[in-house]
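None of the values given here were measured: they were computed from a predicted structure. Sequence positions, counted from 1, serve as the residue numbers for this chain.
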Amino acid sequence: MNALPPRAERRRVLIVNRVGHLGGVERVILNLASGLPRHGWEPILACPDGGELAEAARAQGLRVAPTPFDRMRITADPRVLLRYPLAWRQGAAAVERICRDEQVSLIHAHHPVGSLYARRAARALGLPILLHVHESLPARPLYALALRQAVRDYSRYIAVSGAGTALLASIGADLDRGSVIPNGIEARLLDGPTPAPAAEVTGPGPHIGVFGVIEPRKGQDVFLRAAELLARDHPQAQFWIVGPLALKDKAGFQAQIRAMAENPVLRGRVHFTGFRADVGAWMRAMDVVVQASVKHESLSMVLLEAMALGRPIVATRVGGTEEGIRDDHTGLIVAPGDAPALAAAIARAAGPEGAALGAAAARSAREVFAPEVFCRKVAEVYDQVVATHAESRA
């Protein structure tokens, strides 16, 4: 392992994330932050305090700057929109204060809203902004508006897949100012001891799990419709929904899928785990890992982590899925929202084909998504952005 540069030789980057829960984007941030010091960068995380993200960041020794961000969800509700100007001013003032006090060299913003919080500090202190694009088409009008504003301020962007670049192209962004860098997988999933399967997962199975925060775009409802089709032919199958309700405005969807789980065919066979910090252990316990997303999935961390653990994977053809999974080789891919196709693919992956799919996925993960490659490439972009910005101001 490379020795860390002396602290005096490291520059500081402020990583801005508008939410405090721990989802796929946030796991990307934690993976990145753990590797940046080896490349001459000291990360500081600006995010809301009190959530799983800040807790996990502190647990791995990352400096956290608690910041009063409103996530500014996309909505047409005027009562919600009216509070955003004050929320923006408060969040932007906090980012500027942190950048000034910590002598930050670069702001790395995740999501266009993060970039909007960063623009005041960038202008006041002459700092560059790097925008990290985790989303994909289709873009809702208010999201596209926020993204158009964000691209006016960034020095450069990173997209996690070609699907993110296509999103930026759709709003007229300058694609010459960007790079595609696939997400890296947590090092311990590739190099550490294989995690023991979660003890809560018992019985003959097959055990089939869908992972991610509970919200409509993640397709947990489609997963349950597929589970109903599977349950009749697989009387011992158990279905696991692993992930929290991270956003209160999705509570209605959570109630909907809990009601679906009470269908007589599924009752007692669907398990809601809530938030689990040990995602690897839960994936390891699954006979099949499912990504059932119906939209806005640029390059799912669930897919990459399941690949690293050698799990048979079934995924939907959304965003950058096909940039991570090779259909019929490292996983099975179906159309989004198609419950019968999802059920058929899960049945295949749970059968004799599953072992070969999982082994091929594990090999691909090590070749393509190694965390050190990810951190090095991002740090190289940091270096280029800061050098170019300094030249432009000279």
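- When the side chains of ILVMFWY residues are joined at heavy-atom separations under 4.5 Å, either directly or via intervening members, I346 and L229 end up in two distinct hydrophobic clusters.
- A salt bridge between D49 and R58 is present, with a side-chain N of the basic residue lying under 4.0 Å from a carboxylate O of the acidic one.
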Donor-acceptor pairs under 3.5 Å, side chain of residues 203-219 to any protein atom, not counting sequence neighbours: which ones?
from, atom 1, to, atom 2, distance (Å)
H207, ND1, W240, NE1, 3.2
H207, NE2, T202, O, 3.2
H207, NE2, G203, O, 3.0
E215, OE2, R217, NE, 3.4
R217, NH1, H296, O, 2.7
K218, NZ, E297, OE1, 2.9
K218, NZ, E297, OE2, 3.4

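- No side-chain heavy atom of R258 sits less than 4.5 Å from a side-chain heavy atom of V270.
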Exercise answer: donor-acceptor pairs, residues 351-359 side-chain atoms, under 3.5 Å, sequence neighbours excluded:
from, atom 1, to, atom 2, distance (Å)
E353, OE1, R348, NH2, 2.7
E353, OE2, R348, NE, 3.0

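- The backbone N or O of E26 sits nowhere less than 3.5 Å from a side-chain atom of H21 that would complete a donor-acceptor pair.
- Taking the side chain as every heavy atom from C-beta outward, F374 and V28 approach each other to under 4.5 Å.
- Between L245 and K250, some side-chain heavy-atom pair lies under the 4.5 Å cut-off.
- With a 4.5 Å cut-off on side-chain heavy atoms, E135 and H111 count as touching.
- A cation-pi arrangement is absent between R11 and Y382 under the rule of less than 6.0 angstrom and at most 45 degrees off the ring axis.
- Classified by interplanar angle (parallel below 30°, tilted 30° to 60°, perpendicular above 60°), the ring pair H108/H132 is parallel.
- Residues I325 and V334 do not share a hydrophobic cluster, clusters being chains of Ile/Leu/Val/Met/Phe/Trp/Tyr side chains in contact below 4.5 Å.
- Side-chain N or O atoms of R156 include none that pairs as donor or acceptor with a backbone N or O of V381 at under 3.5 Å.
- Using a 4.5 Å cut-off on side-chain heavy atoms (C-beta onward), Q291 and I313 make no contact.
- Of all the heavy atoms in C99 and A121, the pair that sits closest is SG-CB, 4.2 Å.
- Judged as a salt bridge (charged side-chain N to carboxylate O under 4.0 Å, His left out), and not counting sequence neighbours, the contacts of E102 are R12, R63.
- By the side chain to side chain donor-acceptor pair (under 3.5 Å) test, R83 pairs with D70, sequence neighbours left out.
- Every residue two or more places apart in sequence or in another chain that forms a ring-ring contact (aromatic ring centres under 6.0 Å, His included) with F69 is listed here: Y117.
- Applying the side-chain hydrogen bond (donor to acceptor under 3.5 Å, both in side chains) test to pairs two or more places apart or on separate chains, those with a residue in residues 266-275 are Q238-H271, E262-R267.
- No continuous path of ILVMFWY side-chain contacts below 4.5 Å connects V19 to V16, so the two sit in separate hydrophobic clusters.
- No donor-acceptor pair closer than 3.5 Å links the side chain of T316 to the backbone N or O of V318.
- Across all their heavy atoms, V290 and L342 have their closest contact at CG1-CD1, 4.0 Å.
- Side-chain atoms of E367 never come within 3.5 Å of backbone atoms of S364 as a donor-acceptor pair (strictly under, hydrogens ignored).
- With contacts defined as side-chain heavy-atom distances shorter than 4.5 Å, the pair Y154/V133 does not qualify.
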